[in-house]
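So the structure is just underneath, and the comments pick up after that.
The structure presented is a predicted model; accordingly, all values stated were derived computationally and were not measured.
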Amino acid sequence: MTLKVDLMRDQNLRGKRVLIREDLNVPIKKGVVTSDARIRAALPTIEAARAAGAKVILMSHLGRPVEGEYDQQYSLTPVAQRLSSLLAQPVTLVAQWRDGVELADGEVALLENVRFNPGENADDEALARAYAALCDIFVMDAFGTAHRAQASTHGVAKYAPVACAGPLLEEELRALTQALSNPARPMVAVVGGSKVSTKLEVLEALCDKVDQLVVGGGIANTFLAASGSPVGISLCEHDLIPTARKLMQKISIPLPVDVVTGKVLAEDAQACVKLVGEVADDDMILDIGPESAKHLAHILKSAGTILWNGPVGVFEFDQFAAGTKTVSLAIAESPAFSLAGGGDTLAAIDKFGIADKVSYISTGGGAFLEYVEGKTLPAVAMLEQRAGRKPE
Ligand code: 3PG
Ligand code: MG
């Protein structure tokens with residue numbers, strides 16, 4: 001498959017100022033990175049640029065701070081520290097970068113959170129030009145942020161002398177295109193998470209692509225209500241019941257036959273397995289039941305391709321984790337090509353230790369879903385526009 005973008009691996013990086021946009025938006029608690037999966041995913045790109053003799057300038061966002069205001073809890077300091085130890089080389093965090101970043105060949109610096117810069121979110125031209133002025137070559141490698149048209153993902157690519165895709169972005173695009181363009185059948189999508197409303201577009205798009213759609217979490221509750229089952233005080237979007245009904249007419253959506261309920265959403269909540277028809281008025285559905293999980297496992301084991309985004313229950317609490325565990329293990333054991341993405345999904349993959357048994361794990365959450373929906377990712381579109389061309 002040929003990508004219509006220029007690639008970092010085709011560039012001569014020696015002695016060049018190479019500005020690489022990564023997605024280093026990782027969870028941080030009390031100043032410490034709690035999951036460095038995205039940092040590790042970016043390492044091969046950074047190491048390749050360093051080994052090629054580039055002056056490596058990294059940039060990323062972290063969280064969603066108020067733009068234009070420094071806020072220590074959104075500082076990339078902990079990320080720079082983790083990067084330094086993973087690379088076994090100091091990575092300086094640079095807050096004042098507008099006059100240029102002084103580096104020797106093979107040295108690495110990280111710019112402070114791009115979302116502190118006024119104009120970042122609005123894709124401001126002056127800011128994009130200021131980033132572009134820092135480099136000879138701009139490398140877009142942040143697949144997880146490629147669905148955002150912002151100054152550090154989209155604008156900078158317009159004005160940099162050269163704009164190309166890094167190895168991680170390249171790998172993500174190839175894996176997703178391969179899985180979606182000619183998928184082995186049957187193709188099954190597992191879409192969990194709390195709300196139908198945030199995943200409505202992806203659910204609709206998937207109806208035309210997959211053979212079976214498995215819904216889980218709060219999303220499944222809305223479908224259960226649509227099929228006439230009681231859902232008690234579960235998370236459920238009653239206004240979307242007509243939408244859920246329309247989707248069920250279009251495609252086979254297996255619904256749970258049993259569920260695990262609790263009276264409160266809490267770590268010490270008492271779990272109770274019930275048939276779907278027995279859910280009481282004061283019950284909350286917090287997981288799928290064992291019969292339903294067994295049925296899903298069967299579907300997943302006979303699939304050709306699996307797309308997975310979102311857990312099927314509140315797996316953070318052990319008494320409501322069995323459904324997501326069974327689904328995870330079935331995906332791990334399935335001979336299907338499996339593709340997973342999204343923050344909660346990655347946390348579930350970690351918790352159940354199946355990382356090496358999923359065919360491809362995307363670093364993207366929103367970007368992964370938008371790609372699956374068939375939307376154009378603006379940062380990638382800009383690289384396509386720039387392929388083989390001079391800047392504006
Ligand atoms: C993500 O975590 O999904 C990406 O880093 C994008 O972050 P955003 O949704 O704040 O733009
Ligand atoms: Mg997000």
Going by atom types only, do R148 and T153 share a side-chain donor-acceptor pair under 3.5 Å? no
Atom CG of D99 with >12 non-hydrogen neighbours under 6.0 angstrom: no
Give a yes or no on whether the backbone of D208 and the side-chain of K250 come within a donor-acceptor separation of less than 3.5 Å. no
So, the side chain of D36 versus the backbone of I39: is there a donor-acceptor pair under 3.5 Å, distance only? no
Is the shortest distance from a Lys or Arg side-chain nitrogen in K351 or E316 to a carboxylate oxygen in the other one below 4.0 Å? no
Rounded to the nearest 0.5 Å, the OG1 atom of T345 sits from the CG atom of D350 at a distance of 11.5 Å
Hey, does the side chain of S359 reach the backbone of S338 with a donor-acceptor pair shorter than 3.5 angstrom? yes
Residues Y371 and T177: side-chain donor-acceptor under 3.5 angstrom: yes
How close do I251 and C207 get, heavy atom to heavy atom, and via which atoms? CG2-SG, 3.5 Å
Taking the side chain as every heavy atom from C-beta outward, state whether W97 and I57 have any atom pair closer than 4.5 Å. no
Any side-chain heavy atom of L213 sitting closer than 4.5 Å to one from S252? no
For residues W308 and A348, report the shortest heavy-atom separation together with the two atoms involved. CH2-CB, 4.2 Å
Any donor and acceptor pair, going by atom type alone, linking the side chain of T305 with main-chain N or O of F337 inside 3.5 Å? no
Would you check, one step at a time, whether the test salt bridge (Lys or Arg N to Asp or Glu O under 4.0 Å) holds for E333 with K301? CA-CA 7 Å; E333 283 166 28; K301 283 181 191 163; 3.2 Å; yes
Side-chain heavy-atom pair L203, L247 within 4.5 angstrom cut-off: yes
Would one find more than 12 heavy atoms of other residues, nucleotides or ligands at under 6.0 Å from atom NZ of K357? no
Is any NZ, NE, NH1 or NH2 atom of the basic residue among K294 and E291 found under 4.0 Å from an Asp or Glu carboxylate oxygen of the other? yes
Working to the nearest 0.5 angstrom, can you tell me the gap between L13 CG and C164 SG? 7.5 Å
Check the hydrophobic clustering (I, L, V, M, F, W, Y; side-chain heavy atoms under 4.5 Å; chains of links allowed) and say if V94 and L83 are grouped together. no
Donor-acceptor pair, distance only, cut-off 3.5 Å: does the side chain of D283 make one with the backbone of G232? no
Look up atom CG in D23 and atom NE2 in H61, then write down how far apart they are to the nearest 0.5 Å. 5.0 Å
Are more than 12 heavy atoms from other residues, nucleotides or ligands located less than 6.0 Å from atom NZ of K16? yes
With the side chain counted from C-beta on, respond yes when C272 and Q270 share a heavy-atom pair under 4.5 Å apart, and no when they do not. no
Might you work through the side-chain contact (heavy atoms from CB on, under 4.5 Å) test for V279 and I285, ending with a clear yes or no? CA-CA 8 Å; V279 172; I285 302 172; 4.2 Å; yes
State plainly whether one hydrophobic cluster holds both L200 and V372, where clusters connect Ile, Leu, Val, Met, Phe, Trp and Tyr through side-chain heavy atoms under 4.5 angstrom apart. yes
Quick check: closest heavy atoms across E384 and V5, and the distance to 0.1 Å? CG-CG1, 3.6 Å
CE on M59 to CG on L24, rounded to 0.5 Å: 11.5 Å
Return yes if a side-chain donor-acceptor contact under 3.5 Å exists between S60 and E22, otherwise no. no
Considering all heavy atoms of both residues, which atom of S75 and which atom of L93 are nearest to each other, and what is their separation? OG-CD2, 4.0 Å
Backbone N/O of V312 and side chain of T324: donor-acceptor pair under 3.5 Å: yes
Under the salt bridge (charged side-chain N to carboxylate O under 4.0 Å, His left out) test against D105, which residue among K55, R14, R17 passes? K55
Before giving the answer on salt bridge (Lys or Arg N to Asp or Glu O under 4.0 Å), spell out for R386 and D6 the whole-Å C-alpha distance, their side-chain angles and the decisive distance to 0.1 Å. CA-CA 8 Å; R386 286 297 314 278; D6 290 343; over 6 Å; no
Give a yes or no on whether V215 and L300 share a hydrophobic cluster (residues Ile, Leu, Val, Met, Phe, Trp, Tyr; joining criterion: side-chain heavy atoms under 4.5 Å apart). no
Would the number of heavy atoms belonging to other residues, nucleotides or ligands and lying under 6.0 Å from CG of D356 be above 12? yes
Could you walk me through whether V188 and V210 pass side-chain contact (heavy atoms from CB on, under 4.5 Å), step by step? CA-CA 6 Å; V188 180; V210 304; over 6 Å; no
Would K375 and E201 satisfy salt bridge (Lys or Arg N to Asp or Glu O under 4.0 Å), going step by step from the backbone distance to the final call? CA-CA 10 Å; K375 285 192 185 155; E201 281 179 75; 3.2 Å; yes
Measuring from T363:OG1 to F368:CZ, what's the distance to the nearest 0.5 Å? 10.5 Å
From CZ (R38) to CG (L168), nearest 0.5 Å: 10.0 Å
Grouping I, L, V, M, F, W and Y whenever their side-chain heavy atoms are under 4.5 Å apart, do L134 and I20 come out in a common cluster? no
Under the 3.5 angstrom rule, does the side chain of R245 hit a backbone N or O of A226 as a donor-acceptor pair? yes
Examine distances only and state if a side-chain atom of S85 and a backbone atom of R82 form a donor-acceptor pair shorter than 3.5 Å. yes
With no hydrogens and no angle check, is any side-chain donor or acceptor of D344 less than 3.5 Å from a backbone partner on G310? no
Evaluate the side-chain hydrogen bond (donor to acceptor under 3.5 Å, both in side chains) criterion for residues R21 and H154: first the C-alpha distance (whole Å), next the side-chain angles of each, then the deciding distance (0.1 Å), finally the verdict. CA-CA 10 Å; R21 173 57 157 104; H154 173 269; over 6 Å; no
Heavy-atom closest pair, residues V26 and S35: CB-O, 3.5 Å
Residue pair M248, L255: steps toward the side-chain contact (heavy atoms from CB on, under 4.5 Å) verdict: CA-CA 10 Å; M248 288 194 285; L255 289 183; 4.1 Å; yes
Report the C-alpha distance between N121 and E67 in whole Å, list the side-chain angles of each, state the deciding distance to 0.1 Å, and finish with yes or no for side-chain hydrogen bond (donor to acceptor under 3.5 Å, both in side chains). CA-CA 8 Å; N121 294 325; E67 209 179 84; 2.9 Å; yes
Check whether S84 reaches the backbone of A80 with its side chain - one donor and one acceptor, N or O, closer than 3.5 Å. yes
Check the pair F138 / V162 against side-chain contact (heavy atoms from CB on, under 4.5 Å), numbers first and verdict last. CA-CA 6 Å; F138 169 68; V162 171; over 6 Å; no
Closest non-hydrogen atom pair between L296 and P254, with its separation: CD2-CG, 4.3 Å
Are V91 and V79 packed together at the side-chain level, in the sense that at least one heavy-atom pair is separated by less than 4.5 angstrom? no
If you count every heavy atom of other residues, nucleotides or ligands that lies below 6.0 Å from K246 atom NZ, does the total exceed 12? no
Report whether L339 and L369 are members of the same hydrophobic cluster (ILVMFWY, side-chain heavy atoms less than 4.5 Å apart, transitive linking). yes
If you define the side chain from C-beta out and look only at heavy atoms, does anything of L111 sit under 4.5 Å from N117? no
So, E170 and R9, do they make that salt bridge, N to O below 4.0 Å? yes
Give the C-alpha distance, both sets of side-chain angles, the deciding distance and a yes or no for side-chain hydrogen bond (donor to acceptor under 3.5 Å, both in side chains) between E120 and Y131. CA-CA 10 Å; E120 168 62 22; Y131 294 142; 2.9 Å; yes
